[in-house]
Student: 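Take a look at the following structure, please.
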Amino acid sequence: MSNPTPTPQAYRASLLTFHADPAFADDAHTWIEDGLLVVADGRIQAAGDYATLAPTLAPGTPVADYRGHIITPGFIDTHLHFPQTDMIASPAPGLLPWLDTYTFPTERQFGDPAHARAGAEFFLDELLRNGTTTALVYCSVHKASAEAFFEASAARNLRMAGGKVLMDRNCPDFLQDSADLRDSEDLIRRWHNNGRSMYAITPRFAPTSTEAQLAATGELARAYPDTFIQTHVSENQDECAWVGQLFPQRRSYLDVYEHYGLMRPRAMFGHCIWLDDTDFSRLAQTGSAIAHCPTSNLFLGSGLFDMKRADDAGAMVALGTDVGAGTSFSMLQTMNEAYKVARLKGSYLPALRMFYLATLGAARSMGLEGTIGTLAPGAEADFIVLDRKATPLLARRTAHAGSLEETLFALALLGDDRAIRATYAAGACVHERSPAFTPSN
Ligand code: GUN
Ligand code: ZN
């Protein structure tokens, strides 16, 4: 178990943090070239200029020397599936055959607690290697899978949200549950806001839930209003047509969820590709959020998310890897593909905006502003150290970057887990590529 370090520690590096969305504010970020981050009791105590802050440190405070590196808040991945780690990069012609051929048989194995425990450890290792300190995670339908996920996450003192998948029709018998949501409620009572764990009520998607299960899900979400809700919506055109047949009385796919009370703050809708203008407006008006998952959408050929339409409607957007349909755990690689999807939709996604979306933007979309996604004093000390020279090509490209935007763009386009020099959670080092501490006083 890694506990928050009780005594202050300091980290010297360039610092990057956000206080607004760069798409809507000119002065949205703070950049400190020679900065110092001071951490105590698992929280950020101060962030500022090295020259100003260093003299205020108590004598003997260790200072890790990360000069030449960039410290940002840890990345937040708002949509991925822990039991799908082992089937990442499984080929199929689209979402529905992919679910039948690979996903359901793979998730079946997570009924075995030992398998789920081992899978959870690997999954968390992989997140931390990629600089992801918070994720909103789908477990399998089995209660044991969620138990394994939370136990592993709590043992590392990580701020993670997750939930057991709900599905009671249109799935193999071996993965079917029911409209009795006792397992989910037990998990909420045991894990929600227990330490840094948070629960997400997780109907897989409308086609695999009966109306009775969706109604019960809405009741559970009302009874526990600060839990998360996560599901998929309008990912693939075949799926949308299927939902139209299953729920002919509903105005749209998204309206199925609204009808059952599943649109509210802390509801995260994965994909949102084939929405209409009313849907985007309802997302904004209900305080729900979108998890844009570009590597998954390109991999499955689902479609191209329209960030500009979401922005125009005022809907909150964050990024998700959607592993295992997503092809990388890296939020840098997710930015890379989000950039290209934006270009194909005729818009432009600056690197500063992408880093905002992966940090403060995601924290806001999850109702966790002030807690994570920032280097502001008082926030939990979940942060990463980015190495702009992690590979020969990155080193060569960033050596002549003319601006912060160019440096971040190179990191997003060329970077991956190798660019994560270190990951800290609640002030404890939880991943490190090479020795971190070279105390300078
Ligand atoms: N829709 C329903 N289940 C899934 C899933 O596991 N992955 C993706 N990408 N879409 C889904
Ligand atoms: Zn998904």
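We count ligands from 1, going down the list as the structure has it; atoms in each ligand are counted the same way. Only a predicted model underlies this, so the values are computations on that prediction, with no experimental measurement involved.
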Student: Give a yes or no on whether a salt bridge exists between Asp177 and Arg182, defined as a side-chain N under 4.0 angstrom from a carboxylate O.
Tutor: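 Result for this pair is no, no salt bridge flagged.
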
Student: Using distance alone, decide if ligand 1 has a nitrogen or oxygen within less than 3.5 Å of any nitrogen or oxygen in Glu239.
Tutor: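 No; the residue has no nitrogen or oxygen that sits under 3.5 Å from a nitrogen or oxygen of the ligand.
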
Student: What part of Leu99, side chain, backbone, both or neither, has a heavy atom within less than 4.0 angstrom of ligand 1?
Tutor: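 It is the side chain that touches ligand 1; the backbone stays farther off.
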
Student: Please confirm whether Tyr339 and Phe409 have ring centers closer than 6.0 angstrom.
Tutor: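 Centroid separation for Tyr339 and Phe409: below 6.0 Å.
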
Student: Give the atom numbers and elements of ligand 1 that come within less than 4.0 Å of a heavy atom of Ala325.
Tutor: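 Result: 9 (N).
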
Student: Taking the six-membered ring for Trp, is the centroid-to-centroid distance between Phe305 and His271 below 6.0 Å?
Tutor: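 Ring centres of His271 and Phe305 not closer than 6.0 Å.
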
Student: Any Lys/Arg nitrogen of Glu258 or Arg250 sitting under 4.0 Å from an Asp/Glu carboxylate oxygen of the other?
Tutor: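 Salt bridge between Glu258 and Arg250, a charged N being under 4.0 Å from a carboxylate O: no.
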
Student: Are Glu126 and Arg129 within salt-bridge range, i.e. N to O under 4.0 Å?
Tutor: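 Judged by the 4.0 Å cut-off on N to carboxylate O distance, Glu126 and Arg129 do form a salt bridge.
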
Student: Would you call Arg251 and Asp276 a salt bridge, using N to O less than 4.0 angstrom?
Tutor: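 Yes, Arg251 and Asp276 are salt-bridged.
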
Student: Heavy-atom contacts with His271 under 4.0 Å: which atoms of ligand 1 show up? List them by number with element.
Tutor: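 Near His271, the atoms of ligand 1 are 9 (N).
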
Student: Can you tell me how far apart OG (Ser209) and CZ (Arg169) are? Round to the nearest 0.5 Å.
Tutor: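 CZ of Arg169 is found 7.5 Å from OG of Ser209.
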
Student: Judged by modelled atom types alone, do Thr371 and Glu380 share a side-chain donor-acceptor pair under 3.5 Å?
Tutor: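 Note: Thr371 and Glu380 side chains miss the donor-acceptor criterion.
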
Student: Under 4.0 Å from a heavy atom of Glu235: give me the atoms of ligand 1 that qualify, with their elements.
Tutor: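 Counting from 1, the qualifying ligand atoms are 1 (N), 8 (C), 9 (N), 10 (N), 11 (C).
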
Student: Closer than 2.8 Å to the Zn ion (ligand 2), which protein N, O or S atoms?
Tutor: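 Less than 2.8 Å away from the Zn ion (ligand 2) sit His79 NE2, His81 NE2, His232 NE2, Asp322 OD1.
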
Student: Any heavy atom of Gln84 sitting closer than 4.0 Å to ligand 1?
Tutor: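 So Gln84 counts as touching ligand 1.
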
Student: Can you tell which part of Phe299 has a heavy atom less than 4.0 Å from ligand 1: side chain, backbone, both or neither?
Tutor: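 It is neither; nothing of Phe299 touches ligand 1.
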
Student: Distance-only, no hydrogens or angles: does the His79 side chain make a donor-acceptor pair with backbone N or O of Leu136 under 3.5 Å?
Tutor: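 Between the backbone of Leu136 and the side chain of His79 there is no qualifying donor-acceptor contact (under 3.5 Å).
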
Student: Any idea which protein heavy atom is nearest atom 3 (N) of ligand 1, and the distance to it?
Tutor: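 Residue, atom and distance for the closest contact: Arg204 NE, 2.8 Å.
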
Student: Note the single closest protein heavy atom to atom 7 (N) of ligand 1, along with its residue, its atom name and the distance in Å.
Tutor: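 Of every protein heavy atom, Trp98 CZ3, 3.4 Å lies nearest to atom 7 (N) of ligand 1.
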
Student: Return the set of residues passing salt bridge (charged side-chain N to carboxylate O under 4.0 Å, His left out) with Arg266 (not counting sequence neighbours), or none when no residue passes.
Tutor: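 If we apply the salt bridge (charged side-chain N to carboxylate O under 4.0 Å, His left out) test to Arg266, skipping adjacent residues, there are no hits.
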
Student: Once you measure the plane-to-plane angle for Tyr11 and Tyr66, does it fall in the parallel (<30°), tilted (30-60°) or perpendicular (>60°) bin?
Tutor: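 Tyr11 and Tyr66: parallel rings.
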
Student: Give the atoms of ligand 1, by number and element, whose distance to some non-hydrogen atom of Asp322 is under 4.0 Å.
Tutor: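 Selected atoms, number and element: 8 (C), 9 (N).
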
